[in-house]
Amino acid sequence: MNQIPHEFAIGGVFMPPLLVVSLLGTIAAVVTSHLLNRYRLSRYFWYPPLVSVALMIIYSVLIGTFIIRV
Amino acid sequence: MIRSRKAKEAIKTALAMTIAYGIALQMDWDKPVWAGFAVAFVSLATVGQSFNKAALRMFGTLVAVAVALTILGLFAQERWLFMLFLAAWVGFCTYMMGGKKYQYFWNVCGFVSIIICMGAGPDSVNAFNIAMLRTQETGLGILVYSIVSLFLWPSSSSSSFYTAAGKLVSTQHQLYQAYLGQMNNKDSGGETQTLRTQMVQEQTQFSQLLDAAEMDTYEVWEMRQQWRQHQHLSADFTETMEKWHENFTELQVLDIQSLLPNLTTFGAELNERFTQIERMLAGQSPEHRPATIDLTQDDAGARSLSHFHRAALAVTRTRLLHFEALTRTLFDTIRNIKNFDRADGVPKTTRQPRAGFVLDPDRLTGSVRIMITLWLAYLALIYVADLPGGSGFVSMAGPFGMILASSPQLPVSVLFLPITTGVLFGAVLYIFVMPQLSSFIGLGLLLFSVTFAICYLFAAPKQKLSKLFGLAMFISIASITNEQTYSFLSVATTALMFALLFLLLAITANLPFSARPELNFLRLLGRYFRSCEYLMFTMHQDPKHKKTYFEGWEKNFHTHELSTLPTKLGGWARFIDSKAFPGASPQHIQAVLTSLQALSYRMQELIAESGSAQAPYLVQELQSDIRTWRVKVEETFQYLSEKPDAGKKDTLRTRLAGIIDHLEKRIEETLDKAAELQLSDRDNENFYRLLGAYRGVSEALVEYAGSSGTIDWTFWREERF
């Protein structure tokens, strides 16, 4: 895997890796929230909106560290 | 010849948009987009409705200009004080937007102040020019649309207004007949539910069209006081019918026909009055005048009833007599408006006493929410380098934040689709089509066709939001000026700005107050029962006790809560995802809402009756029994305010019925003991009305326990994303 941060080029438009990473992090957090709701696991959290934000950050950091280098 | 109304309206807006842009560009004014926005937002179905909205937009802009220039003048060098005052002003406007009148005026006052302040903030030397530019371009947009809509297929509100007035009277007539049948045990429950919903919708439509018809129809303007009186009378009739309907459970066990021997004649007379009112509204002269009629009561039959049934009968008779008075005044008002025999003069308008100022906690929450949104956007502007949109980010946070703060039930995701589609559509035109144009002819054609397409495709009232955002996004992204430049970066920046804006709006929608409809429903339910408990508690107080100002305000507050919370609960209920909660189908939730509305009416009735004078003998004799009942109900309210699902129908029924039965026995004894001269007929009637109100509250409470018992509230309290 290339460890040097690089921009994404889509149709000649360059996008910063952080934008792509946060987008993927958000999608992953939304999917996780839906699954937690579906299986009634969300009741074990104190305040789900804060958990959503936390999940978004955790996923973004993980993706930014291990998959796409930010 | 174009026949479609949809096409005509779309052509009018498209033409006004093209002309407004043409003039602004010809005059070499900066930001012609503001004229485009004015056209997009004031275009409504009729001339009157558009004029009304246009006037509110213009006055709102003028006030906003004055406020924005004052804030800029005072705090141009003090960025924190500048935002403190701007946010406070916008918070105040958002609070006022939640009121019953001039919502759009307050909306414009708020967001235009932000636009001018943020536009002039980095460039305060030109603050005055920016403010004037906003005013003149808004004025231009409004003027152009007004002229176009006046000359091109003018559609006055008058015909829709007269139709709406006729429909409303006809629905009230039908519902009155259905209720009368229901009272006489001829059930028509299913039909009345449809009619009730229809009546509420028609009442709202009538009010909106009256505002519009006053603006565009001289004969409605000339008779506006009488029409307003008609509106009040009609609302009073609706409310009394609902209160009357709430009594039917008790009445259905009575032989109402023999207890009120001339009920059939009385009912027929009221029917006749409605028919005549409908005739007059259709332009025909009345064939009959209201006859004098009284509702006689079989006193011997009434005496054989239990005291509570006698009370229910007394309350019903009072209501029916109120209908008699209302229909007579309605008849006179319409006869006067329609100029049939005007010599009798205008019936006097009875003004409702105004309740004192009451601070609404939900509107206040909305104010806090918009202030937090503005502060976060402002802090981002100051501390985040190269924030997409710059000061425009704060300007955009204002109007969107105000919409969401004043309708907290609306999820942020509702705006997502129209805005994303609008941005994409605008971007395609901006990048691929606009660079090919070289003169105003081409640009004008593009403006006309795009505006026409959006207005035509999203013409239905339900698609209003999509139409407005579609037009607004196209206008913003195209950012047409005389020195037109094209840059992909500006489109990308705008798209990113909206993404960040959604993030901000999502944060303020969930923090500090949760946006989950079911949690808000439970919160409001708790508040509702706390208000009931407080009002019940104040009934214990000694009538000689002199209320302090704070106590008076507190009572006003809880009375306001009692009357407004069922509607607010209805607003949240529409957004509850019933699939996620077992046993909470829309019908179950509706049943809870109906029982709460009934409880509100019963409590209001009890408050009104407890204020009326009672015979000292009865008060003295029954004081302790009535007190026991009140304490028990108060305890139940307290219990429900903590756990709205705590009441079990059977337990409550047994507990309250026991007290009521005991009370009935005591009344029997007391009345038997009372000497003939100790109680007048009026004393009896007042007392029965009060008893009717007590029983009504007990019944409504049991009914609520029954309807709320069908829902599994445990799921509602569980945390969800």
Side-chain angles (χ1 to χ4, degrees), chain A, chain B residues 369 372 376 384-388 408 411-413 416 420 424 427-428 430-432 487-520 576-577 579-582 712-721:
Chain A
M1 195 186 298
N2 188 359
Q3 291 299 301
I4 303 163
H6 58 278
E7 293 189 318
F8 280 80
I10 300 172
V13 179
F14 289 86
M15 280 184 279
L18 185 63
L19 180 72
V20 180
V21 165
S22 22
L23 205 69
L24 291 175
T26 310
I27 294 169
V30 169
V31 172
T32 312
S33 310
H34 272 281
L35 289 174
L36 288 170
N37 265 353
R38 171 78 182 75
Y39 295 104
R40 270 184 83 195
L41 293 170
S42 45
R43 64 193 155 134
Y44 297 113
F45 296 104
W46 169 66
Y47 193 66
L50 278 181
V51 179
S52 292
V53 177
L55 279 175
M56 232 186 285
I57 296 169
I58 292 168
Y59 276 126
S60 302
V61 169
L62 288 177
I63 296 170
T65 310
F66 297 110
I67 303 170
I68 300 165
R69 190 82 184 150
V70 177
Chain B
R369 187 167 153 182
I372 295 174
L376 288 177
V384 177
D386 300 327
L387 180 77
V412 180
S413 53
F416 186 75
T420 314
L424 287 175
V428 168
Y430 175 79
I431 295 167
F432 298 107
S487 152
F488 174 77
L489 198 62
S490 76
V491 178
T493 308
T494 310
L496 201 57
M497 182 186 81
F498 276 106
L500 288 175
L501 190 65
F502 276 120
L503 187 69
L504 176 68
L505 293 172
I507 290 171
T508 50
N510 288 289
L511 294 169
F513 313 106
S514 169
R516 275 178 54 205
E518 61 278 7
L519 279 189
N520 281 292
I576 293 175
D577 179 12
K579 284 180 208 146
F581 305 107
D712 188 353
W713 300 87
T714 335
F715 285 93
W716 290 45
R717 284 202 196 84
E718 276 179 5
E719 291 295 350
R720 280 175 64 81
F721 284 96

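For the numbers below, each heavy atom of this structure counts, side chains included, while hydrogens, waters and symmetry mates do not. Proteins get letters first, then strands, A, B, ... in listed order; numbering begins at 1 in each.
The structure places CZ of B:F416 at 12.0 Å from CZ of B:F498, a figure rounded to the nearest 0.5 Å. With values rounded to the nearest 0.5 angstrom, A:T32 atom OG1 is found 11.0 Å from A:N37 atom CG. If you take CZ on B:R369 and CG on B:L505, they are separated by 8.0 Å, rounding to the nearest 0.5 Å.
Neither the backbone nor the side chain of B:I507 comes within contact range of chain A; no heavy atoms are under 4.5 Å apart. For A:R38, no part sits under 4.5 Å from any heavy atom of chain B, backbone or side chain. Contacts between A:L50 and chain B at a heavy-atom distance below 4.5 Å involve the side chain alone, from C-beta outward.
Salt-bridge annotation for B:E518 and B:R717: absent, with no side-chain N of the basic residue lying under 4.0 Å from a carboxylate O of the acidic one.
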